[in-house]
Each structure stands twice: as C-alpha cells, then as structure tokens.
S.K.: 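For reference, the structure I am asking about is given below.
For clarity, every value in this text was computed on a predicted model and none was experimentally measured. Order of the sequence lines sets the chain letters (A, B, ...), proteins ahead of strands, with each chain counted from 1. Just so it is clear, the values below take in all heavy atoms, side chains as well, and ignore hydrogens, waters and symmetry mates.
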Amino acid sequence: MNPIHTVDYIRILPELVLTAFGIIVMMADPLLKPGASRKGLGLISLVGTVAAIAAVFCQIAWMHRDATFSQPGWFGMVRVDSFAIFFHLLIPAIAGVCILASLEYLDAQNIQSGEYYALILFGTVGMVLMSSAIELVLIFIALEISSISTYILACYRRRTASSTESAIKYFLLGSFATAFFLYGVALMFGATGSTSIPAIKAALTNDHPGLLAVAATALMIVGLGFKVASAPFHIWTPDVYEGAPAPIVALMSTGPKAAAFAVLLRVLFATQPTDWFWLIWVSAALSMTLGNFGALMQNNVKRLLAYSSIAHAGYLLVAFAAANETGLSAAIFYTAAYAAMNVGAFAVVSHVAAGGERYVSIDDYAGMGRRSPLLAFTLTIFMLSLIGIPATVGFLGKFYVFRAALSVSAHPNAMVGLTVIGLVNSAVASYYYLRLIVVMYMREPVSTEPLPPVSGSMRLALVLAAIATIYLGVIPHRVANSSEAGARDLEPIVNSAPTAVTVTIPAPATPAK
Amino acid sequence: MVPLSWYLILSAVLFSLGVFGFLLKRNIITIFMSIELMLNAVNLSFVAFANYWNMHPRVLADGQAIVPLSGHVFVFFVMVVAAAEAAVGLAIIISVFRTRETLNVDRVNLLKL
Amino acid sequence: MILTLVTFVPAVGALGLMLMPRNDRALRWAALIISLLTFALSLYLPLHFDHSSAQPFQFEQNVNWIGQTIHYHLGADGISMWLVLLTTLLVPVSVLVSWKSIHDRVKEFFVLLLLLEMAMIGVFLALDMFLFYVFWEATLIPMALLIGMYGHDRRIYAAVKFFLYTMVASVFMLAAIIWLYTHNPAHNFEYLAFRDVIAHGGFSSGALQWLFLGFFIAFAVKVPLFPLHTWLPDAHVEAPTAGSVLLAGVLLKMGTYGLLRFCVGMFPDQSAYNSTWINILAVIGIIYGALVALVQPNLKKLIAYSSVSHLGFVVLGIFSLTTIGTDGAVYQMLNHGISTGTLFMVAGMLYERKHTYDFREYGGLATPMPVYATFFLLAVLSSVGLPLMNGFVGEFLVLSGTFQSTMPHSMLFAILGTSGVIWGACYLLWMYQKVFFGPIHHAENKSLRDIDGRERLSLVPLVVLALVMGVASPYWMRSIEPAVVSTIPHASANARILPVGNDNMQHSAGAQAVVLSNATAENQKAKDSAGGQK
Amino acid sequence: MVHQILFIVFGLICVAGAVNLLIQKHPINSALSLVVVMASLALIYLLLGAEFVAAIQIIVYAGAIMVLFVFVIMLLNAGSEEHTTGSRMALMVGVPGIIILGGTVAWMLVRGSAGLGGVTIGATDFGETHQIARLLFKDFLLPFEVTSVLILIAIMGAVVLGKREG
Amino acid sequence: MTKNLNLWVIPLLPLAGAAINGLLGRRFKNSMVSAVALLFTALSFGWAAWAVYSLWPGGPAPYIETLFPWITAGKFSAPFGFYLDQLSMIMVLVVTGVGFLIHIYSVGYMAHEGGYYRFFAYLNLFMFFMLTLVLANNYLLMFVGWEGVGLASYLLIGFFFLKDSAANAGKKAFIVNRIGDFAFLIGMFLIIQHIGTLNFGGETGVFAQISHYSKEAGWGWITITALCLMFGATGKSAQIPLYVWLPDAMEGPTPVSALIHAATMVTAGIYMIARSHAIFNLAPHALEIVAIIGCLTAIFAATMGLTQTDIKRVLAYSTVSQLGYMFLACGAAAYAAGIFHLMTHAFFKALLFLGAGSVIHAVGGEQDMRRMGGLRNKIPVTFWVMTIATIAIAGFPPFAGFFSKDEILGAVFHSPYGGPVIWAVGVITAGLTSFYMFRLWFMTFFGEYKPDAELGDSQAIAPVHAAPVHAADSHGHDDGQVHGGVHESPWIMLAPLVILAALSVVGGWVGIPKFMGGHNEIEHFLAPVMESGTAGASEVAASAEHDRPATYTGESAAENSGEEWLLAGTSVLAAALGLFFAWLLYYKRRELPNRITAKMHGIYTMVLHKYYVDEGYGAIFVKPLLSLSTLVLWKGVDQGVIDGLVNGAGTASSGVGDELRRMQSGNIRSYAAWVAIGGAAVVAYMVWLGVSR
C-alpha cells in the first residue's frame, strides 16, 4: 500500500510547480541559440511563479476543506499551516517581481543564460520549503538549496571582479555559518534525540532543558542570525549586496531572509523564550544601530540599502523579543512589508545601474526627478516607506512591531527601552533615506545622459511594488489578518506564546499529529 | 568502550581547528577545506549522539519514540550537501581566480567600507 | 461626511493634477479652483455649527479603518473648525501668491501644495490618535519637498533640518500613543477613550509624566518653543513664499493645537504640574524671539523670529489653563495665521521684485509702491496687536488669562509676557521703517512696480479678515469657548478672577445671549454664587 | 579497552591531520592531510558501529569531494600560499573568539551536565544499511527527493560558472 | 431713559472721512480731499455739539450707550460702549472743535505738500481714535483710542518719511508710548482680576464697585493699579520718564504738532487720570507720586525750554511743562482744575503752534529763531495772535492761562498731596514759562530779520535723532513754490488763528474763582463727575486725619480769599519777572545771553543737550539691548549653542557611522572573526545562563 496520500502532494504543490517550471526553463535554454535574449524564458519562469501562487491558493482552498491539512505531512516533515501559507504566497511573489526586474537587466548586462531564471525558481523552491518544513533535516536541505542558488546568482556577473568577490564572500561565510548551524543541530539532536521540531519542542518543554540544548540553541541562532543578517553576524551584507547583480540583491535581501526568519521563528519558539530574550534584545538593538549608523555616510546606493536591510532585520528582531502572538504576527507582517518596499527599491537601483552597474552612487541619482519622474516617484515612495512615513507599509510594519514590543507583560522596561532605541533609530535612519529623495528632487543632474527608457516589465515591477507598499500601508486588513492567523497557527508549536516571557515551565505541547 | 564526552570533545576540537583554519589560512581552497573539516566534526557528533540515543531510547511526550538513526541520516544529507557545496564552491573559486589571478583571500578585498 | 469631503477633495485634486498635462496655466487654474472648492466646502462648517449642542464634537464620522482597533474618526469642535477654515483659506491664497513666482516644475508644486492641505486639515480633524499621527507625519514630506525643491540657496540644509527636527520629535509621540493604546482596555486609538484611560487608568504619575513629555516634545518642536526653534528661521528663509505662508500660518498651529488638545486635554494634572517651566520657556520665547528678531538683517528671518515670539503667547495662554487665556490662545492661533501669513506674502512679493530679503537693499519704498506699503502696514499693525485689529484680542485675552491663572508665578509670567507688546512694536516698526521709510539708496528701487490686481486680490481677504476679527471676536468665541471649556474641564477653577455681572449683560442682553452660548450658563452660576458670598 | 586504545589512536591521527592541514603551506598537502582526517574519522565511525556512514565517508568525502579539491588545486596550479597580513582582526578578535567558543563547549561537555552523563558508547548492531534505507526511503523520503533539486542546482551552477565566456 | 444720542456716530464720521480719503484720495483733487475731510470733521463736531446740547443742562448724565460686545471670554466681557458725562463733554468739544479749526488751517498750510490726501486721511483717522478715547465706556475701548492716537501720531510724525529723522521720531513716539501702554495693560489686568469688569459707568461698572472699597493706607492693589495707569499716562502725556518722544515729534508737520502734540492727544493721559479719579482717590500714595512727577516734569521741561532755539521745540518743551501742570493738578486731586487747564491750554497752545507754523511758513521753512527776528510788521496778524497766546500761556490775567494755572496752584497749595513746596516749584515754573515764551516772542518778532545768520553751534544744538536745523530741507515749502521774501499766510490759515486767539482770551472766564467774584462754572459743571465715584472715599477721608474731601474744590478755599489773592498775585508776579528778564536779555541787551552762557558754560551745555537724557537712555537701554540681542542671543545662543548642539549631534553621529564602517575591512577572514567572536559570545552567554539556572 502507498503510505503517501494525495494531500501530501498538495502540501508541496507550489514546490512541485516551481521545480517543474525550473526544469522546463533549464531544458528550453539550450534550444535558444546562444547570444539571443532570454526574455522568453524569463516570461516562462514568471508564469511559473504565478502558477506557484495559484497552487498556494489551491492549498488554501484545501485547507478550508479539511482541517487535517494543516497537520504535519510527509511523516512529519512539512506542516502547511497558515504560517507557511503566508510565506508561500510572499516568496513566489517576490521571485516574480525580481524576475520582472531581471528581464531588462540581463539584456542590459548582456547576460544570456536561461539558467539564471531556473536558479531563481529552484532557489524559490528552497525558500518555500523552508517556511513549511518542521524537520531540521528538511530545513537544512531547503536552506542549502536557497543559499547555494543565491551563491551562484550572486556570481552571475562573473566577468566583473566585484561580482565574483561578493559571491566568494557570500559562499565562504555562508558555509561557515551553516557549519555553526549544523553543529547546533547536532547538539540539539544530542540533547533531545530528535531532529523534528515538534519533538524537540515536546522534549524541551517536558524535562528541564539541559546545557546541551541551550548551547545548541545558541549555535543555531548564530547560523540563522547570519542568514537574516542580524548583528553581529551582519557583516557580510554590504559587500555581498554591493557586488551581486541588483535584481539578485532584491531577491536575496528579501526572499531567503523571509524564509530564514520563518525558520528562526519555528526554531526559536521550539525553545524557551527566556533563554534567548536578552540575546535577541541585544542583537536587535545592535542591528538597528549598526545598520543605521553605518548607512549614514554611504554614497553607494546598494551598500546603503544593504545597511538599511541590516537595520530592518533589527526592527524585526524587536518583534521577536516581544515573543508573544502579537509579536509573531508583527514579525510575519514585517517580512512582507520589508519585502514590498525593498524589492521595489532594488528594482529602481537595477534599472538606474545600467550596463556594468556603472551608476550606483548617490550622485548618479541627482536630478532624477527631472530625468525620469516615474523612477524618482516610485523610489520616493519606497524610501518614505523605509523611513516609516505613515500611509506606507513601512510605517505599519514598524507600528505593529513596536505595538507588540510595548504590549509584553514581562520585561516591560526593557521593551520600552528597546522601543525607544528603535524609534530613535528610525528617526536617524530618515536622514539617509531622505538624502536620496533630496538628491533626486533638489539637486540638478550631473550626467546629462538620459536614463535608458523604463521597459514595460520594469514598469510593471515598479508599479506592483509601489502598489503593494501603498496598499499594505492603507488597507492592510487582509495581510494583517493572515499574519495573525499565521501567528496563531504557530502557537500550537509555540504554545508558550500568549504568556510569552515567563520563567514558569509552560503547559505541555498539544501533540501535533 | 569509550565515554561519549570523548567523542564530543574530539568533534569540538576538530570544529575549533576548522574555525582556526578559516581564520588563519590565506588560500581560499584551504579555507574551504577547513569548512569541510568543520562539517566532519559535526558529523562525528551526530554519529556519536545517534549511538548514544540508540543505547538510551526514550519516548517523547506525544508518545512518539525517538529515532536514533536519524542522526546517521543527517550525516548522509550533510555529505550530500557538502558535495554540492564543493562543486559550486570550487566553481566560484575558479571564476574568482579568473577575474583576480590569485587565490589569496587577503587580496580579494575590493568591496569594503 | 462633510469633513471627509473637506479633507480629501484636495487629495483627489492632487491626483487629478498629476494626470494633467504639463500646461502651467491650466495647472495653476486647476489648483486655484480645487483649493477654492475646498474653501467653499469648509464654509459649510461654521454655517451649520450647532452652538447649542452638548456634543464635544460635531460633524463626526467614525468607521473602522484597520480592524476594530484603528478607526477613521473625524470630528470638529470650535477649535479645530476654525483652524480648518484658516487652512482652507490660506491655501488658495498661497496658490495665488505662487502664481508667477513658481515657473519651474509647476505641476509638482501644486500637487505638493494640495497634498499638504489634505494632511493639515486631517491633523485638525482626526479624533483617532493613529489617524492623527498619520496626518501629522504626512505633513512633513510635502513641506520638506516644497522647501527643498523651490527654496533658495541653502534650501537643502533647511529642508533636511526641518524634516529631521520634526521627525525625531514626533517619534516620541508615537511611542506614547502606542503605549497608551496597549494600556487601553477598549483597545482602540480613540482620543476620548485615551482621555478616560488616563483619567481613570490609575497610571503612576511617573508614567504619566513620561507620556506627557512624549507628546509635549513633539508639539514643542512644531510650535516651535524655545529652545527647539532653530529650524524655523532656516526653513522660513529658504522656503518659497507659499511654503512660508503655510508653514507659519498652519503648521505651527499644529503644534499649539496638539499642545491644547492632547497635552492639556489628556493630561490636565501633568499640565498643571509642568506648567511652570513650560510657561518659563514660553516667556523666554516671547522675549528672546523678539530680541533676536530686532537685530535680524533679513526680512524673512525677522518675521520668522517674530513667529517664535507670537507663538510664545499662544503657549503661555494654553498653559495658563484658564478659559480666558486658552480662548485667547486659540484666537491668537488664528490671528497669527492671518497676520504672519500676510507678512510672509508681502515679503514674498518684495522678493519677486528684487530677489533679496536683505534690508540694506531697501528703504523708502513707500514712494514707489504706496498701495503695497499700506497693505504691509496693515499686516504689521495686526501683528503688533493694535486694538481693533485681530492681534490685540488674542494677546489681551492670553495675558489677562495668564494674569488670573492660579498656576504658580503666573502673574510674573503675565507681566513679562506683556512686555512683549513693547518688543513687538520695536522690531516690527524697525522693519517697516527699514523697508519703506528713509531716503531711497538704490536707484533701481525708484522704479519698483506697485502690486498688481492678483496680488491685491490675494491680500485683501486676509487684511479684511484681520480687521473683522479685531472688531467682532465674539462671533468666533461663541464656538471656540465651549470647545475650550470641554477641553480643559476645570479651567474655570484655575482662574483667580472675581466673577461679577458685566453691565453690558443688562444693556444688550440680546447680543450677549447669542454670544455666550453655554458659557453664559456657568458665568451666571458663578455670578450667583459670588453674589451669595457678597 | 581495545576500543579506547583504537579511539585514542585514531583521534590523535584526526587531530594531527587537522593541525597539519593548518600548518601546511601548500594546499595540496593540506588536502592530503584532510584526507587523512576523513579516513580516520571513518574508522571512528566504525568504532561507533556506523558502517554505512563510514562507507560513504570514504566514498563520498575522501573519494569524491577531496578528489574534486585536488583536481581544482591542480587546475589552478595554486602555489604555496604567500603569507600576507590582510587582517589583524582575525588574530585580535577571531582567535580569542575560537578559544572562548571551543573552551565553553569543551568545558560544558566535560562537566557532563549535558544531561547525558559520562555514559560509554561503542559498536552496536544498529546503523546497518537496511535500517537506514527504510528510514531514508520512508520517513525521510521528502528530503531525499528534495536533494535532487539541490544536486541539480549544484550541477547547473558548476556548468554556468565553469563554462568559458561566450 | 432719554432719546438715543447715537454717540457712535461722532467717532465714526471722521473714520468715514479717513476711509474715503485713504482709499480714493489719490484720484481726488486736493480741493475734493479737503472738502471731504472738513465736511466729516465738521459733521462730527456738529453731532457732538448736538449730543452735548441735548444732555444739557442737567440732563441725565452720564449717558451710557452699549452697541454690541467686542471681546467676551470666560467671565470677562467688554462691549463697544460709549459714555458721555460732563468730563467727556468737555473733551469731545475740545477735540472736535480745535480739531476742526486745525483742519481748516491745514488746508492752507499743507496746500503744496506731497501726499495731501494722506495727510488728511491720517488727520481724520486721528480724530476717530481720539473721539473713541474720550467717549469710551470702558478701559479697553479707551485703550483702543489710546493706541490708535499713538498710531496716528506715528504716521503723522513720520509724514515726511523720506527723512530718516522723521521716521525715527515717529518710531520713537510709538515705542515710548508702548512702554506706557504696557503699564496701562497691567493696570487693566489688575482691575479685571479684582473687579471683573472694565466698564466705567453703570451699577456694575468699575467706579460703582470701587466705591465699596476704602481708602488704602499702604500699597494695596488699588495703589498699584493707580500707579500702572499713571505710568501709562506718563507715556501718552509726555511726563518724566517717558517725555523724550514729544520734542522729537516736532518732526511732523506743524498742524500735527498743534493738534496732536499740544491740544488733544497728549492730554489723553490727564483725561484718563481724571476719568479714573475714583481709583486714584483711594490711593494717596499714587496721588503723591503723580503730583511729584507732575511738578518735576513741569520745571524740568521749562528749564530745557530756556535754551532751545528751534521755535517748535521751545513750544514742545513748554507743552511738556504745561502737561506737568495738569499732572500736578491731578496729583493734587484737583481734577477739575486739571481739565480746566487742559482746555485753556488746548486753545493757546494750539494757537502758539499754528502761529509758529504761520511764521515758519512765512520765512520759508526756517525753524531756527536765530534766523528770524523783526517779523512783527512783516506778518502783523500772526504777530498779534502770537502775542495774545504768549500772554495767555505766561499767565497774565485776564487771559485764559491765568485762571486755569491759578486754579491749579491754589489747589496744590491746599492739597494734602501738594503743599507749599510743590506750589513754590509750580510758581517758579510759571516764571520760567513766561521767560522762555517771551524770549521766543522777542527773538521772533523784534530785532532785525537775519535769514542767514551764522549758527556757531548748530551742531551742538542738533539733538540726538532729529536735526531741526535740517528739518526744513525736505519740508515741501521750498520745492513747492518760490518764496518772494517773507509773506503773511493766506486767510484760510489766519482765520483759525483769530478764532483760537479769541478763545485764548475768553476761554478762562468759565473758571473765574469765587474770590474774584466769579463762580467757577467749570468746577460746578464737573462736580457731579468728580464727586461720583468718591462717595465712599470722601467719607473715609472725612474720618481720616485731615478733614478735606479727597477731591479738591474751590469752595473749600472760598472762605479765606485773602490767601487766595496772595497766591494769585505771586504767580502773576513770577510771570512778570519772566517777562522782564526776557525783555532784558533778548531785547534790551542782546549780548548778555552769550556772556551768561559763556560764564555758566557747563550748565548751559547740559541744559542745551536736555540733560543728556536721550543719550542716557540710548547708552543705558538701547545700545546694550541691541548688542545683547546680536552677540549673545542671536550669534551666541541661537547659532552658537543651540544650532551648535544640533549640527554637532549630526556630525557626531555621522562620525560614528564612519567609524562603524571601518568594521567593513573587506577581508573575509576578519568577517569570519566577527562571526566567530559573536558566536562565542552567544554560546558563552547561553551556557552561562544554562548553568546559572
């Protein structure tokens, strides 16, 4: 008899779809003559992401049909709950926008290879899988899939030294961190005898977690902290982002990050929040401060955005520190918020950068308001959102985060302190984001050479991102609700969530069966 | 028979040596090797723990028995990943060499500040 | 509903403008028409304002916005209503002012202007703290861009300074708002709910103090209160005329409005507790601003510092925590909006002709441009606080309110504040003389053309209003006072005045009855009680 | 007893190999010393009764991966590394870091408060291939399948990055 | 009550005139402008006269009329209300009457000036505010007029605004007045706080309520209030210490000096004190201070008048000194006398100024008396009216000045707040007055005409701000027409002079005191007012140590007429002495003055420079203030400290940012080091945590 049921295939439907399209693209590539534009493949892969999203909707429908759907499947490997669904929707969307942004970029850099798109799709598979995996083995593999594909993509402008350098840095440090993560997993396996998160959760909550478990958690935090670029493991970010192709930065600063955050959530909340509260607190404060202050004097837009992404990871960690349901939903929402605005920003960057990524310094944006109103306008929206001006998603994201931070019962003063640090940071940050706006609108252009016309695909990408930024900023109900649902679904695993930070051993886990 | 902690300490030592290698070696390939060393250290502890749990089976709160062998499986997957990483990593190293004509990691520092 | 219309007609108009082709003439007219339409709509408010209703707010609209917690809640009371009218009046005026002076990137200019109007109106009408904060921050961007895109030489510095100052400050307010929300059992951001929570929440005075400061700092920067004022001169000097007009006319009022509605309205005890040092700052502001204005070599800088001085009066009045003082403060907000707005407009007209604000370039202009001189003089007088002009009513009420206040040392503050009338005369007359009197040193000044019809058209309403408001203040007071009374519950207790019957009560009872809608009642009561004592 | 002697022997060989990896100047020597480490590790696996793991350790690691390394080293005919002082941080910050890290972990393990105690482990009859196979192809089927994607990416990556321009 | 008088029309008519001239005047012909101005002034005079008549006699004064509320807030409310009692009757008639005459005069005088319409618009505006001031039914409305006249005088002094001196003088006048108003406001606040209203009349008015209080022995709030009001009055009425603006105010066209700075505006302070007598009567200390300030100002200004050579400035100082008399009267609680002198002074001082104007007009804008002389038969009419005025002000019976001045001196002598000493000072002042007036008279009309005399020390004479010697430069006469030598002014200018001359003669007869067989109508007329508020006060006073009623009335002194004759005689004698010396020094032996000045050079220069008061104020207040504002506040605090901090924070944080970026050495191994140390920290912390549990 076949122990695997149909529903199990539904549980990994998006992954299947993405893989299928990836393979199609990969196969189709040799059929095109070398040197020809790969736009067509790009469109196919775009369709792939859309199909993946459709698949997710099918999953949602299924979920509504039978309740057991969100139980663990594949012998406790994956768990497609609303938490996973949220990221299932988010990540392919990101990938889609990045592909849109890449279409003209590749031609501009004259890179003709379909594998590019295939790699994006496969990487997406990994990320999507990360968000639904609840078994460390699977998590590890998914993580590696997304990482390795991004290593390769980062290296894609391989004629240029900067690109390869960023790739090697990313690769070496990435594997370095992975080793830490693995060591943590190993110790965790030693502590609990299992690598399945629910099991670990159960083991840790029942008998008093020993030193091994704590050390294991620590090492896993190191590994994942590297992936989400939170201080003090953020240090690779600026170099890698500067060297990598802009659309790929758009992807890797949002997609893998979101996925990694998902994993971090699942892992962290399998353990005792009291263990890591101060860890996250410090890391959050550090990330925000280092990120923002590092960005203050940046003249390279890509580096600037890299630092800003560190800072935003910090804001996100604030929500982690809140460690209750509102905190979770805030964190989940923030990933989406950050993705929306950051992808948009990098899309603009990748267009302005033009062939060989020549124009990436702030001065190249001078007088953008005249040279290309559309780009300037959209970029302004993204910057405002990154600052956290109301009516943009950036503001709501921060708002939810700090609301969560202030609503925790334990450590109230610590959290108020963290909130103040965060808010002051966002005020400081407004300076360098504003700089970009200032340059675009208040300076006269230095290079009279007109910007390349914005292609339809890029327009679409920008408009999509901008609309998402504004829409989520003004009418966020649906997304906010689904993020809350996600948080609630994480709760069975994180059953200590509502009474989050309390030293008392929480009630035993409801068996996830 | 050997105490578990011996194995673990050996793995810890190997891991630390791997980190040392990463920090102190200049040749990118060697650095990559020290990463492999770290992975091996991890594998050792996996196997050791698997063995330990095999001797001390226990039942989790939700009535599931733990599966000691998953440690071995994990090692298996780690090796797969390591192989994949090796392929990609070496490819990257090659393209770095093509653009830089050097394998000295200290010379690969265009991107800074 | 009407409030929503008033608020968002400009925004819709801005969208429309964005889609219009770059035809400057058409854009100008479109902007003018939209802003006038907004003004017409806003006129609905005073006409349909119910002076007898016991409701604190009128024309309310309250619907869920984000979930149950965040509402889209607009409402107007006497205070916000008039501030909204001030806004809707000043915007078309500033459109007229920038008619010729803006010729580059006209479209962006008017779009920003209209967006700014939307945000400003929203600030005054929002009754949901979240919504309020949204509008509050939303004013930042258009203003900063107006300064930075259309300003003068050091415009970028000014724009960034303005932005950062306000941004940093308002962040603390956000923290306070969120904190209050998380401790609000009703789990919403309703202003009134917050009031109740603070009143009955049993928070420690320490917590209240922090919250109060959180709000206070945000508003104090906007006012701007000494020593947080240094962004103002730069912003004003660099801003285009329309920008200055709106900045001085409305944005500063957002600060004082916030102080009144939120700091005083929500934290009565803390306000009383902190009144002393705040009043000290206000008085310093009055005198300091005046003295610094006195020695400015630059027309616009002088006016900017005069704003610091004038807003000091407003703060003084608010933190006298008396009905009279606060009435005066609110009235003074409107006055300052009109008089200083006018001053900036006339200054801008001068700039259009000669492209400098430096006094040394001027002098003796009364001969070539008499009409202009007249308007300028009227503006100056209204801002000097000459009786029968609007400025006097406000200052007088503020000062007498402060004088009677039971807050510590208030009498001293009142006396020091009163000295402001001297300083005001000093620097404003000095300015006027520098520009208009004395021999003409620069030959080209002999041939400066007097202001034309459009410019007169933009000035006349303000000047007329300044005169009318100086003569017929009760028309405004009758809607302002109930609002003030409901905002500061025990204001009357803070006054040291001996209640007596004013004989005009008997003489023109008719007029009185109209004037004091529900204030009369309590006056009467107070009188009776006093009579009892006598 | 035999166990312990064997463990100590192979453990020492491991460490020696690892140290040699560090001190060797020429990458090829480092690679060979790494092979030594791996081989002896395989033997330690055997001590732990993990035949399957031991086997693939030899086949995959020593066999495949290290060959790949050596191949690349030859391809780029990397000479012995010259000593550059690119980063003081590595010494000033990193070394203490490692010492703290290793020290803490080791201390923790020795202190045995890992809840595991000083239990002794050794060869057992478990870890035979068929058990692993059952696990691998039932419980861990999904990861196993997913690795195919991983391999695919690796191949593609190698191809993309490796192939000459054009 | 009686029929509605619509008092509001009286001030509004001139306002209408001002509005018409101000808005449309530029398009009018001069004749049209003057027609409008004169018409509306005349109308308002007529209306005032009618109003007074219809209350006269013994009508139910005071008549109160409340139009509509102006300021209402909380428990406070101030309406637009007008108040007509005997006091305001006199004032309104003086203002409108004299004002009308001066309007007529101006038609001729200003005929050739630029900005003709502007002048009349301002003049009418002034009338409006002045009438508001005198008719107001509450302090606040009075304050409207109070500030308004200040504005009007600002505009009119600065009428020749192309002259810096004129502009400065106008500004100075306004600001100095503002200093007074500052005190006035404080006074009002005090009244509001303690009484709750600012209205004069009515059963709840200030005066009705204040009568419930009893006289203050010490320094209670009433005294403070009174002092505040008094200080306000010193500003408007140019008393020490705020008199400095008035001499400079002579920069304005002469009719302005006549109307505003002699006849009407400057007397507002006196009027205000008289109006508030109910308050002052309760504050003996305040009264004493008023008296002292009054007499000090009187003598002080008189001495300064001795040395001035600018004809208008002499008159200016004499005005200050005369105002001192009125203050003195108020201080002696002889308000009626004060008002009486106010009226007579309005006549002859207006006359003097207009006459001086006519002289200046005749000699083509020259104002320095040393360039005049021998004009008596060149401009006979002017000469004769000036003579009358001079006699009147010098205080020779039976001219107007004599009676009012005598009334005051008598009152002072008897008053508890005055006494013989102050009386003596007053008499000396009288002597000085007559001296410098006749000096002016002789210097101008006698001797020989020397239009281009060498002015040795004109520089020295030149006062700080305004240089009267150059005053004529842009004074339109020269540009206007070519002067064929000295010529008499046109009749439109002379007619008002003649009328005023007549008034200066007979004006005093309404106040012939008892002992001269008259019966002091004016005092009887004002009695109801002056007695009104003081019911409580007087009975307290009666019970107090001295049995005189607080308000001085001639009756009280009627019985011992011998003493009265003596007092009157003394003052006349003093005047005579003054005349004699003037004759001696400036007619008989013209070389004497120079010798004397050479002798007592120190004192002379000091007096010549008006005791360096202006310089003193400049050195003590103005300059330090300006430098403080510039150096300390603006450059120091504002740009130095605050902006320094702000920008410093900016640079500091960017510096921090720069340092942080150093972490990004770009070297993989150091990055790994960071990761390692971070990992070590994390692990160490966690293990420590685990152990500590």
S.K.: Would you find more than 12 non-hydrogen atoms of other residues, nucleotides or ligands less than 6.0 Å from C:F203 atom CZ?
M.R.: yes
S.K.: I need the single residue from C:L174, C:V168, C:I178 that forms a side-chain contact (heavy atoms from CB on, under 4.5 Å) with A:L423. Which is it?
M.R.: C:L174
S.K.: Output, in order, the C-alpha distance, side-chain angles, deciding distance and verdict of side-chain contact (heavy atoms from CB on, under 4.5 Å) for A:V420 and C:V171.
M.R.: CA-CA 9 Å; A:V420 171; C:V171 150; over 6 Å; no
S.K.: Relative to chain A, which segment of C:I141 carries a heavy atom at a distance below 4.5 Å: side chain, backbone, both, or neither?
M.R.: side chain
S.K.: Sort C:A169 into side chain, backbone, both or neither according to what part of it lies under 4.5 angstrom from a heavy atom of chain A.
M.R.: neither
S.K.: Counting C-beta onward and ignoring hydrogens, is there a side-chain heavy-atom pair between A:L396 and C:F130 closer than 4.5 Å?
M.R.: yes
S.K.: Measure A:V424 against the heavy atoms of chain C and call it side chain, backbone, both or neither at under 4.5 Å.
M.R.: both
S.K.: Do C:M167 and A:I387 come close enough that some side-chain heavy atom pair is under 4.5 Å?
M.R.: yes
S.K.: Do C:I66 and A:F399 come within less than 4.5 Å of each other through their side chains, counting heavy atoms only?
M.R.: no
S.K.: Let's test your reading of the structure: which of A:L434, A:I475, A:V438, A:I437 forms the most heavy-atom pairs below 4.5 Å with chain C?
M.R.: A:L434
S.K.: As an exercise, state the distance from CE of A:M442 to CG of C:L145, rounded to the nearest 0.5 Å.
M.R.: 5.0 Å
S.K.: Please report the interatomic distance CG(C:L180) to CG(A:L406), rounded to the nearest 0.5 Å.
M.R.: 10.0 Å
S.K.: Between chain A and chain C, which donor-acceptor pairs sit under 3.5 Å apart?
M.R.:
{"unit_1": "C:W65", "atom_1": "O", "unit_2": "A:H477", "atom_2": "NE2", "d": "2.4"}
{"unit_1": "C:W65", "atom_1": "NE1", "unit_2": "A:V474", "atom_2": "O", "d": "2.7"}
{"unit_1": "C:D104", "atom_1": "OD1", "unit_2": "A:R370", "atom_2": "NH1", "d": "3.3"}
{"unit_1": "C:D104", "atom_1": "OD2", "unit_2": "A:R370", "atom_2": "NH2", "d": "2.7"}
{"unit_1": "C:R105", "atom_1": "NH1", "unit_2": "A:Y441", "atom_2": "O", "d": "2.9"}
{"unit_1": "C:R105", "atom_1": "NH2", "unit_2": "A:Y441", "atom_2": "O", "d": "3.1"}
{"unit_1": "C:R155", "atom_1": "NH2", "unit_2": "A:M442", "atom_2": "O", "d": "2.8"}

S.K.: Test of understanding: with side chain to side chain contact (heavy atoms under 4.5 Å, CB included), list the residues that count as partners of A:L472, not counting sequence neighbours.
M.R.: A:V393, A:V479
